Amino acid sequence: MELINGKEVAKKVRKDLKSEVIKLKENGINPKLAVIMVGNDPGSTVYVRNKSKACQKVGIEFEEFLYDENLSESELLDVIKKLNEDSSINGILLQSPVPKHIDINKAFRTIAPEKDVDGFNPVNVGNLTIGEDAFISCTPYGVIRMFEEYNIELEGKNAVILGRSNIVGKPMIQCMLNKNATVTVCHSRTNNIEEITKKADIIISAIGKPKFLKENMVKDGAVVIDVGINRLDDGSIVGDVDFDEVSKKASYITPVPGGVGPMTIAMLLNNVVKATKIQTK
């Protein structure tokens with residue numbers, strides 16, 4: 001069993017991006033990310049802080065737009081429109097969750113596709129689907145980057161994705177199809193999940209259930225990617241995979257924490273640099 005070290009791969013990605021940012025700055029171009037947060041969800045606060053630190057490490061400018069939970073939907077859309085028009089801003093990220101009175105998909109649609117570094121605008125989702133160049137949702141993009149780093153062959157492999165969220169599951173399906181894997185998706189309405197996962201060469205779990213994937217659900221030699229981050233009552237963080245058991249059978253496996261998490265932020269930075277280059281030609 002080999003551990004896929006997301007921290008190390010993310011470090012490598014950041015190092016390459018830092019060099020690119022230096023070159024951009026030599027040409028008078030300063031990549032900049034705007035992060036919008038509505039309300040004070042504790043998890044989001046931590047994520048935004050981590051994103052800010054990561055930007056600093058590679059030299060990307062970072063500006064926060066923090067609003068209380070009473071911000072109306074139309075006010076939020078106005079904020080996004082202003083940032084769309086601001087040529088000093090290269091990437092716009094709306095931190096989720098947002099308060100219930102705001103339609104987050106409407107907000108994602110309002111973000112200019114060329115500044116949509118989270119890959120949630122339908123234009124980018126559509127481009128990914130038809131195999132055109134797109135900003136890819138950061139977590140699936142990070143998973144693909146890890147496969148590349150560890151030379152894990154995807155073509156012709158049976159891949160099972162657990163979960164069908166717009167943020168991870170659905171774009172992950174497309175990323176795997178674009179790499180010529182054969183993809184099966186399981187979700188809360190799927191019958192006999194165990195029978196399906198047992199046949200998988202690659203399992204990507206983004207189902208949000210602590211230690212859901214057990215040893216008896218995995219065949220020997222499978223590659224197991226754990227996207228889940230679940231906080232238990234005792235405060236400890238575990239993934240969707242019963243790591244201690246499943247790691248005995250897997251050929252490659254990601255830990256939680258230290259697996260997919262660092263890659264998500266690394267690929268966000270990657271998307272900001274890409275957006276900057278596209279906008280400044």
Side-chain angles (χ1 to χ4, degrees), residues 1-6 9-10 119-120 124-132 134-209 211-230 239-243 245-256 259-264 266-267:
M1 183 276 294
E2 186 168 354
L3 203 62
I4 297 178
N5 189 331
V9 184
F120 297 151
N124 283 312
V125 175
N127 281 340
L128 176 64
T129 304
I130 61 172
E132 295 283 319
F135 287 106
I136 302 170
S137 182
C138 303
T139 299
Y141 196 12
V143 171
I144 293 294
R145 182 70 179 77
M146 289 195 296
F147 286 142
E148 289 168 355
E149 187 64 31
Y150 282 81
N151 294 314
I152 294 167
E153 183 59 57
L154 303 180
E155 189 164 327
K157 296 289 194 268
N158 284 324
V160 169
I161 297 166
L162 302 177
R164 54 174 169 179
S165 72
N166 291 340
I167 292 175
V168 182
K170 286 175 185 166
M172 195 77 248
I173 297 165
Q174 208 50 60
C175 287
M176 296 300 280
L177 284 176
N178 291 351
K179 295 286 184 183
N180 299 318
T182 300
V183 183
T184 306
V185 186
C186 298
H187 46 76
S188 57
R189 303 287 189 274
T190 304
N191 295 323
N192 306 323
I193 285 184
E194 188 184 313
E195 296 306 311
I196 298 166
T197 55
K198 262 188 196 161
K199 294 173 185 162
D201 303 309
I202 298 164
I203 302 171
I204 301 167
S205 185
I207 210 164
K209 291 183 179 176
K211 300 188 179 184
F212 172 83
L213 192 76
K214 304 289 184 193
E215 183 189 14
N216 64 339
M217 299 169 75
V218 180
K219 75 174 185 183
D220 284 326
V223 175
V224 180
I225 305 291
D226 192 348
V227 179
I229 298 177
N230 309 287
D240 291 352
V241 177
D242 187 342
F243 183 87
E245 294 300 316
V246 173
S247 59
K248 292 172 188 169
K249 289 179 107 173
S251 56
Y252 291 88
I253 191 167
T254 58
V256 174
V260 176
M263 291 303 300
T264 298
M267 299 329 279

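Along the sequence shown, the residues carry numbers beginning at 1. No experiment lies behind these values; they were computed from the predicted model shown.
- In terms of modelled atom types and a separation under 3.5 Å, the side chain of Ser137 and the main chain of Ile167 share a donor-acceptor contact.
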Q: Dump the intermediate steps for side chain to side chain contact (heavy atoms under 4.5 Å, CB included) on Ile202 and Met176, then the final yes or no.
A: CA-CA 10 Å; Ile202 298 164; Met176 296 300 280; 4.3 Å; yes
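- Using a 4.0 Å cut-off between a side-chain N of Lys or Arg and a carboxylate O of Asp or Glu, Lys199 and Glu195 do not qualify as a salt bridge.
- A distance of 11.0 Å separates CD of Glu148 from CE of Met146, quoted to the nearest 0.5 Å.
- Not a single side chain to side chain donor-acceptor pair (under 3.5 Å) links Asn180 to another residue, sequence neighbours left out.
- Here the closest non-hydrogen pair linking Ala159 and Ala181 is CB-CB, 4.4 Å.
- To the nearest 0.5 Å, atom CG of residue Asn192 and atom CD of residue Glu194 are 8.5 Å apart.
- Contact check for Arg164 versus Ser188: side-chain heavy atoms found under the 4.5 Å cut-off.
- The two atoms that bring Val125 and Gly119 nearest to each other are CG2-O, 3.7 Å, heavy atoms only.
- Of all heavy-atom pairs spanning Tyr150 and Asn5, the tightest one is OH-N, 2.8 Å.
- With sequence neighbours excluded, no residue forms a ring pair (Phe, Tyr, Trp, His ring centres under 6.0 Å) with Tyr141.
- Under the 4.5 Å side-chain criterion, counting only non-hydrogen atoms from C-beta, Glu149 is not in contact with Ile4.
- In this structure, the side chains of Met263 and Val143 stay at 4.5 Å or more apart for every pair of heavy atoms.
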Q | Step-by-step side chain to side chain contact (heavy atoms under 4.5 Å, CB included) determination, Thr184 to Ile161 | A | CA-CA 6 Å; Thr184 306; Ile161 297 166; over 6 Å; no
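- Of the candidates Ile204, Ile225, Asp226, Asp240 forms a side chain to side chain contact (heavy atoms under 4.5 Å, CB included) with just one, namely Asp226.
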**Q.** Criterion side chain to side chain contact (heavy atoms under 4.5 Å, CB included) on Phe243 and Val256, from CA distance to verdict
**A.** CA-CA 8 Å; Phe243 183 87; Val256 174; over 6 Å; no
Q. Please walk me through it: do Val227 and Thr264 pass side chain to side chain contact (heavy atoms under 4.5 Å, CB included)?
A. CA-CA 10 Å; Val227 179; Thr264 298; over 6 Å; no
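- In this structure, CD1 on Ile173 lies 8.0 Å from NZ on Lys170, to the nearest 0.5 angstrom.
- The backbone N or O of Leu128 sits less than 3.5 Å from a side-chain atom of Asn178, completing a donor-acceptor pair.
- For Thr197 against Ile203, the heavy-atom pair with the smallest separation is O-CD1, 3.7 Å.
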For residues 213-223, dump all side-chain donor-acceptor pairs below 3.5 Å to protein atoms at least two apart in sequence or in another chain.
from   : atom 1 : to     : atom 2 : distance (Å)
Lys214 : NZ     : Lys211 : O      : 3.0
Lys219 : NZ     : Asp201 : OD1    : 2.7

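- Summarising the geometry of Ile136 relative to Cys175, their closest heavy-atom pair is CG2-SG, 3.7 Å, with the distance given to 0.1 Å.
- Here Asn127 contributes atom CG and Gln174 contributes atom CD; the two are 11.0 Å apart, rounded to the nearest 0.5 Å.
- Note: Ser251 OG to Ile152 CD1 = 7.0 Å, rounded to the nearest 0.5 Å.
- Of all the heavy atoms in Val241 and Ser205, the pair that sits closest is CG2-CB, 4.4 Å.
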